[in-house]
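Input: a single structure, listed below in structure tokens.
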Number of protein chains: 2
Amino acid sequence: MQIKNMIEEKNLKVTTARKELLEILSSEKKPLSFEDIKDKISMDKATFYRNISKFESESMVNSFESNDKKRYYEIQEFPHAHFICNGCSNIECLENAPLPKLDGYTIMDVIYKGMCKSCNATQ
Amino acid sequence: MQIKNMIEEKNLKVTTARKELLEILSSEKKPLSFEDIKDKISMDKATFYRNISKFESESMVNSFESNDKKRYYEIQEFPHAHFICNGCSNIECLENAPLPKLDGYTIMDVIYKGMCKSCNATQ
DNA sequence: TATGCTAATGCAACTAAGTTGCATTTAAGT
DNA sequence: ACTTAAATGCAACTTAGTTGCATTAGCATA
Ligand SMILES: [Mn+2]
Ligand SMILES: [Mn+2]
Ligand SMILES: [Zn+2]
Ligand SMILES: [Zn+2]
């Protein structure tokens with residue numbers, strides 16, 4: 001099982017909470033907040049946040065703030081931009097939009113906000 | 001005085017709180033949080049947030065979340081991207097970086113995160 | 001300039017995401 | 001199986017932002 005390996009590779013203890021959390025993040029193709037996840041997990045929110053924080057410091061997970069005051073987490077694969085729709089609040093991973101360059105800066109993350117395709121179509 | 005006119009143009013009452021708030025946002029060239037502003041204003045935080053919210057719905061002000069869990073506000077001029085530094089947490093207005101295009105989407109706001117010029121230089 | 005209506009304000013209580021301290025449990029090496 | 005440090009659950013806390021309500025202050029009209 002690759003989830004177990006992911007945890008062992010970082011020299012972290014393989015706990016049920018960690019397996020549960022990575023399982024859910026891996027099975028979704030879009031970023032999730034604690035709110036999105038909380039009914040699917042058995043761990044306490046303190047455990048959720050402590051593990052997410054560890055996963056982030058080990059570069060297994062990355063996250064960003066949306067405009068609903070919540071933080072969204074996803075398994076860190078190759079870097080890509082995200083689109084947050086001001087209409088329907090949906091968050092999309094833009095896997096085909098490479099991160100732009102900006103002279104002198106190192107761009108590590110990009111968030112676009114605006115109207116998504118379906119909100120544009122039905123407007 | 002143009003601050004007074006800005007408020008009257010939107011058919012809002014010209015109150016001292018509103019003048020104070022727009023005065024401070026106008027005098028700064030970068031986005032500010034309530035935390036940044038609170039010692040410079042005399043109004044209550046409820047009044048701050050209610051007015052900021054009205055200014056946003058009237059398109060006088062725009063805002064975005066940073067990664068410190070705070071919302072940053074600025075006078076809405078021409079649209080431009082923002083850069084948030086993961087090193088020093090500074091927020092820059094990228095007035096010369098036009099908003100990119102993305103097929104099918106309407107991009108209204110862009111936030112880049114990473115390392116700023118000075119953090120890159122001293123690293 | 002005084003009067004009256006309504007929107008704006010101050011205050012205090014509340015909400016909710018995320019954090020922290022601490023006692024208990026559990027993974028994993030021996 | 002035994003040991004030990006790391007992980008967990010729980011409850012209390014922190015803090016940005018919100019809300020209800022009584023009071024105040026713009027602004028229109030006379
Ligand atoms: Mn993504
Ligand atoms: Mn700006
Ligand atoms: Zn949408
Ligand atoms: Zn920096």
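None of these values were measured; they are calculated from a predicted model. Each chain gets a letter, A, B and so on, in the order its sequence line appears, and its residues count up from 1.
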Nearest whole angstrom, please: distance from the P of D/dG9 to the CZ of A/Arg18. 12 Å

Just to be sure I understand the rule, does B/Arg71 reach a base, reach only the sugar-phosphate, or reach nothing, if contact means heavy atoms closer than 4.0 Å? sugar-phosphate

Is the closest side-chain heavy-atom distance between A/Tyr112 and B/Tyr105 below 4.5 Å? no

Can you tell me if A/Tyr49 touches the phosphate of C/dT19, counting only side-chain N or O atoms and a distance under 4.0 Å to OP1 or OP2? no

Taking the nucleotide of DNA chain D with the nearest heavy atom to each, does B/Lys13 or B/Glu35 sit closer to the 5' end? B/Glu35

List the atom pairs, donor and acceptor, that lie under 3.5 Å between side-chain atoms in residues 55-64 of chain A and the rest of the protein, sequence neighbours left out.
residue	atom	partner	partner atom	Å
A/Glu56	OE1	A/Ser63	OG	3.0
A/Glu56	OE2	A/Ser63	OG	3.2
A/Ser57	OG	A/Lys54	O	2.9
A/Asn62	ND2	A/Glu74	OE2	3.2
A/Ser63	OG	A/Arg71	NE	2.8
A/Ser63	OG	A/Arg71	NH2	3.3

Between the axis at one end of the helix from C/dT1-D/dA30 to C/dT30-D/dA1 and the axis at the other (five pairs apiece), what's the angle to 10 degrees? 30°

Go through D/dT8, C/dT19, C/dA13 for me and flag the one nearest to the B/Lys45 side chain. C/dA13

Integer-rounded Å distance: D/dA6 P and A/Leu12 CG: 12 Å

Are OP1 or OP2 of D/dA25 and a side-chain N or O of B/Thr16 less than 4.0 angstrom apart? no

OP1, OP2 of C/dA8 versus side-chain N and O of B/Lys54: anything below 4.0 Å? yes

Is there a side-chain contact between B/Ile84 and A/Asp109, using heavy atoms and a 4.5 Å cut-off? no

Without decimals, in angstroms, what is the distance between A/Asp68 CG and C/dT15 C1'? 15 Å

C/dT9 phosphate, OP1 or OP2, under 4.0 Å from B/Thr15 side-chain N/O: yes

Under 4.0 angstrom between A/Arg50 side-chain N/O and D/dT8 OP1 or OP2: no

Heavy-atom nearest nucleotide on DNA chain C for B/Ala46 versus B/Lys69: which residue maps closer to 5'? B/Ala46

Mapping B/Glu8 and B/Phe48 to their closest nucleotides on DNA chain D, which lands nearer the 5' end? B/Phe48

Below the 4.0 Å mark, does C/dG10 have OP1 or OP2 next to a side-chain nitrogen or oxygen of B/Thr47? yes

Gap between atom NZ of B/Lys70 and atom CG of B/Leu32 - 0.5 Å precision: 11.5 Å

Which label fits A/Phe34 and A/Tyr49: parallel for a plane angle under 30°, tilted from 30 to 60°, or perpendicular past 60°? tilted

To the nearest angstrom, how far is B/Asn67 atom CG from D/dA16 atom P? 15 Å

According to a strict under-4.0 Å criterion, is B/Asn11 in side-chain N/O contact with OP1 or OP2 of C/dA7? no

